2 protein chains.
Amino acid sequence: MGVSLKDVALRAGVSVKTVSNVVNNYPHIRPGTRERVQRAIDELGYRPNATARHLRTGRSGIIALAVPELGNPYFADLAAAVIDAAAHHGHTVLLDHTAGLRTNETLVSQGFRSHLIDGLILSPIQLENEDLLRRTDGPPLVLLGEREYDAPYDHIAIDNVAAARLAVRHLLDLGRRRIAFVGARRETLRQPAHLRLRGWREEILRAGGTPRDELVVATDGYDRLDGAVAMTRLLALPEPPDAVFAYNDLVALGALRVLAERGLRVPQDVAVVGFDDIEDGRYGGVSLTTVAPDKAAIARLAVDCLIARIEAGAGGAAGADRAAIVPRRILPGHTLVVRESTTGRARAAEPRLVPG
Amino acid sequence: MGVSLKDVALRAGVSVKTVSNVVNNYPHIRPGTRERVQRAIDELGYRPNATARHLRTGRSGIIALAVPELGNPYFADLAAAVIDAAAHHGHTVLLDHTAGLRTNETLVSQGFRSHLIDGLILSPIQLENEDLLRRTDGPPLVLLGEREYDAPYDHIAIDNVAAARLAVRHLLDLGRRRIAFVGARRETLRQPAHLRLRGWREEILRAGGTPRDELVVATDGYDRLDGAVAMTRLLALPEPPDAVFAYNDLVALGALRVLAERGLRVPQDVAVVGFDDIEDGRYGGVSLTTVAPDKAAIARLAVDCLIARIEAGAGGAAGADRAAIVPRRILPGHTLVVRESTTGRARAAEPRLVPG
DNA sequence: CTGAAAGCGCTTACAG
DNA sequence: CTGAAAGCGCTTACAG
């Protein structure tokens with residue numbers, strides 16, 4: 001440790017500028033010079049110091065991805081996709097974990113660690129609009145997920161209302177009439193922004209039904225246990241639901257577990273649809289019908305947007321005026337993956353995990 | 001962006017040294033001075049530039065954790081625990097993803113990104129001993145996981161042989177006599193270091209049984225699909241097993257899925273034990289008996305070891321001679337969590353997910 | 001095509 | 001208790 005440009009320059013008998021040129025692949029270098037420098041680099045085992053470069057250029061080549069829960073496979077998948085997409089741009093990803101807490105999300109968005117990163121992709125849960133408006137500086141920011149904000153930042157998310165309606169329509173088509181919605185987090189229950197809940201409501205109304213409040217169960221979080229608790233409450237109803245649309249797959253899996261414990265048949269007694277298409281959903285005793293967001297597209301679009309903002313900021317005339325930013329809203333696609341938890345059999349495309 | 005120590009010094013009418021002292025909480029500063037400086041800091045919204053500090057001190061306050069698969073909840077849990085433990089030492093964690101590939105693991109261990117981090121915790125899959133011996137410089141390194149190496153690095157892992165024997169003994173105690181081992185990765189099959197397989201063998205021999213080769217199924221990876229494929233092969237045997245000990249929970253869950261598809265009863269027809277104690281295992285149609293490593297202890301010990309090495313290196317007289325490092329091997333604890341997949345009922349301590 | 005020099009924002013002996 | 005100055009390892013106008 002400790003071989004610097006200067007050491008290489010000394011050995012090759014050139015200036016540090018020339019070594020820097022070789023390292024950075026500048027076009028116009030005399031072949032002999034390049035060769036001599038390259039040999040010195042190899043002999044000395046020189047490797048550029050990213051920190052010094054960062055200090056000088058103001059660019060680290062690192063972007064951060066802040067997600068609420070790494071333990072949720074959805075975010076693990078998303079992280080993998082973001083890492084891929086960033087690699088295409090020669091960027092490294094720093095993974096951050098907010099636990100879905102407002103304080104952490106605010107901290108991250110305010111530019112905690114901002115000297116380290118060129119940009120931030122944030123998937124917020126509790127962050128409020130005012131937290132975002134209070135953000136005065138910090139690197140470019142791209143938002144992910146269901147929450148909608150009135151702030152000058154790009155936002156990438158599938159059309160959650162449409163996706164939820166797709167799921168509910170599927171249940172209606174199967175003849176279900178008492179469809180519960182499980183997983184509305186308490187503090188967001190009143191917000192108009194709770195898009196999946198809105199989709200549930202709209203689709204039931206469209207079909208001529210009545211969205212019943214007693215069939216909407218608020219939860220503390222979005223985890224399996226929350227789904228289990230909610231399902232238990234639903235089964236205690238005088239007239240339990242014949243279908244459940246869960247906020248996400250983890251919640252749905254918790255619900256499935258309780259149904260299994262009670263000896264209820266899925267989907268005969270209760271059909272279940274999740275959201276996210278995590279791998280776990282394919283491997284339970286009953287495989288899970290779910291809404292599959294196009295994660296690769298989400299990741300790619302988010303990274304592309306962010307990189308564009310970073311580069312615009314660098315070349316920005318008169319200092320990229322934040323107020324002048326026109327935020328982009330992009331809607332990647334989604335599909336409904338039908339499996340046993342609604343139809344009682346695996347779909348044609350994946351009849352069985354293993355043939356035989 | 002752009003407020004430096006110098007700006008603060010100018011405003012407060014002191015030297016940069018004094019500002020630096022205030023920022024770093026040096027004890028002996030005249031109260032009036034500190035106050036004046038603090039006010040300037042607040043007014044200007046100054047925040048120290050971590051990159052410059054890193055360049056100067058050689059310490060970034062960042063440690064890297066490189067794991068094979070973020071999608072495996074075991075590693076997600078472990079990552080969360082490491083982040084916690086590192087925070088106690090005022091360190092930030094950079095998460096790295098190797099996909100369990102030798103090239104990536106070598107790259108990471110060789111000090112890719114080494115200028116950014118103070119130390120590395122690596123959980124290798126395919127890394128070979130020679131890859132490790134070829135490591136000439138790079139920051140302190142702590143190894144995690146089942147693979148054992150003859151190289152001068154600390155290694156934190158539970159006693160995998162003992163843990164495997166515990167699992168197999170449980171199956172033997174239940175009267176099972178044809179116990180399969182599923183999940184030996186092909187390329188590691190011949191290695192004596194495949195500790196869980198060794199535990200399986202030893203425990204069967206101890207009980208007076210015969211470890212049968214046809215009951216050991218190699219897999220391509222350690223994922224659900226691998227478990228499903230392996231289980232399918234086992235069921236095609238003339239005499240299928242009456243129990244399965246899986247390399248990890250994901251493999252076990254894949255096996256459970258195939259058993260469910262075939263209409264076989266768990267545990268009556270086939271009992272299943274996994275390894276890792278991931279949350280998914282508690283929520284299937286049949287909850288999974290599993291070996292639970294003490295993840296918090298693993299994380300804490302790994303971080304403690306690493307920080308100790310980092311600080312020793314910094315203060316090391318005559319440059320911490322790598323050959324002089326005496327590697328530490330530490331064995332955190334583990335327990336067997338008995339659930340439905342072996343006993344047919346949830347254990348007393350967690351009878352049902354939700355009472356009622 | 002290449003060199004000499006300034007400077008990114010810090011910390012840290014060295015003085016006083 | 002505080003200041004002036006060097007230097008961490010780079011990149012980048014500015015010359016030539």
Side-chain angles (χ1 to χ4, degrees), chain A residues 1-38 40-41 44-62 111 113-118 137 139 314-315, chain B residues 1-38 40-41 44-62 111 113-118 137 139 314-315:
Chain A
M1 33 177 86
V3 180
S4 72
L5 270 191
K6 192 156 63 161
D7 301 322
V8 177
L10 236 50
R11 175 148 195 146
V14 298
S15 77
V16 291
K17 169 81 190 315
T18 302
V19 181
S20 178
N21 283 345
V22 171
V23 169
N24 292 294
N25 280 318
Y26 276 144
H28 309 298
I29 307 174
R30 218 178 307 170
T33 311
R34 154 162 292 143
E35 195 182 307
R36 202 142 32 93
V37 170
Q38 191 56 56
I41 288 177
L44 262 40
Y46 167 76
R47 280 188 325 209
N49 182 323
T51 301
R53 189 178 275 171
H54 178 195
L55 179 59
R56 185 55 231 247
T57 64
R59 297 275 287 276
S60 65
I62 299 175
R113 211 180 279 167
S114 65
H115 283 297
L116 183 60
I117 61 176
D118 293 341
D137 63 4
Chain B
M1 34 173 84
V3 180
S4 72
L5 270 191
K6 191 157 63 164
D7 301 322
V8 177
L10 235 50
R11 176 150 195 144
V14 297
S15 77
V16 291
K17 167 79 191 315
T18 302
V19 181
S20 178
N21 283 344
V22 171
V23 170
N24 293 294
N25 280 317
Y26 277 146
H28 309 295
I29 307 173
R30 221 178 306 170
T33 311
R34 154 163 291 144
E35 197 181 306
R36 204 143 30 93
V37 170
Q38 191 56 55
I41 287 175
L44 262 38
Y46 167 76
R47 280 190 324 211
N49 182 322
T51 302
R53 189 178 274 173
H54 178 194
L55 179 60
R56 186 55 232 246
T57 63
R59 297 275 287 274
S60 66
I62 299 175
R113 212 180 279 163
S114 65
H115 283 298
L116 183 60
I117 62 176
D118 294 341
D137 62 6

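Quick caveat, the model's predicted, so the values are computed rather than measured. Chain letters run A, B, ... following the sequence lines, proteins first, then strands; residues in each count from 1.
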Completion exercise
The nucleotide from C:dT12, D:dG3, C:dT2 with an atom nearest the side chain of A:Thr18 is C:dT2
Exercise for the section: Would you please test B:Leu116 and A:Leu116 for side chain to side chain contact (heavy atoms under 4.5 Å, CB included) and show each step? Expected result: CA-CA 10 Å; B:Leu116 183 60; A:Leu116 183 60; 4.0 Å; yes
Which atom pairs link the protein and nucleotides 13-16 of chain C when you take only N or O atoms and keep those under 3.5 Å?
none

Is there a side-chain polar atom (N or O) of [X] under 4.0 Å from OP1 or OP2 of [N]?
| X | N | result |
| --- | --- | --- |
| B:Tyr26 | C:dT12 | yes |
| B:Thr33 | D:dT2 | yes |
| A:Ser20 | D:dT11 | yes |
| A:Asn24 | D:dT11 | yes |

Rounded to whole angstrom units, what separation is found between the [atom1] atom of [X] and the [atom2] atom of [N]?
| X | N | atom1 | atom2 | answer |
| --- | --- | --- | --- | --- |
| A:Arg30 | C:dT2 | CZ | C1' | 8 Å |
| B:Arg36 | D:dC1 | CZ | C1' | 12 Å |
| B:Glu35 | D:dC1 | CD | P | 16 Å |

Atom of [X], atom of [Y] and distance for their closest heavy-atom approach:
| X | Y | answer |
| --- | --- | --- |
| B:Tyr26 | B:Asn21 | CD1-OD1, 2.7 Å |
| A:Leu55 | B:Ala52 | CD1-CB, 3.8 Å |
| B:Thr33 | B:Ile29 | CB-CG2, 4.1 Å |
| B:Tyr46 | B:Val3 | CD1-O, 3.2 Å |
| B:Ala40 | B:Ala12 | CB-CB, 3.9 Å |

Exercise for the section: Would you sort out whether B:Val23 and B:Ser20 count as a side chain to side chain contact (heavy atoms under 4.5 Å, CB included), showing the intermediate values? Expected result: CA-CA 5 Å; B:Val23 170; B:Ser20 178; 5.7 Å; no
Handout entry: Stems involving DNA chain C, each a run of at least 3 consecutive Watson-Crick or G-U pairs under 3.5 Å
Key = C:1-3 with D:14-16, C:5-12 with D:5-12, C:14-16 with D:1-3
Practice task
Could you check if a side-chain atom of A:Arg34 sits within less than 4.5 angstrom of a side-chain atom of A:Val37, using non-hydrogen atoms only?
Solution key: no
Practice task
State, yes or no, whether a side-chain contact exists between B:Ser4 and B:Asp7 at a heavy-atom distance under 4.5 Å.
Solution key: yes
Practice task
Using modelled atom types only, decide if a donor and an acceptor are shared between the side chain of A:Thr57 and the backbone of A:Arg53 within a distance under 3.5 Å.
Solution key: yes
Fill in the blank from the handout: Given the options A:Val19, A:Val8, A:Val22, A:Val14 meets side chain to side chain contact (heavy atoms under 4.5 Å, CB included) only with A:Val19
Could I get a table of every N or O pair under 3.5 Å where one atom is in the protein and the other is in nucleotides 6-9 of chain C?
| unit_1 | atom_1 | unit_2 | atom_2 | d |
| --- | --- | --- | --- | --- |
| C:dG7 | N2 | A:Arg56 | NH1 | 3.1 |
| C:dG9 | N2 | B:Ala52 | O | 3.4 |

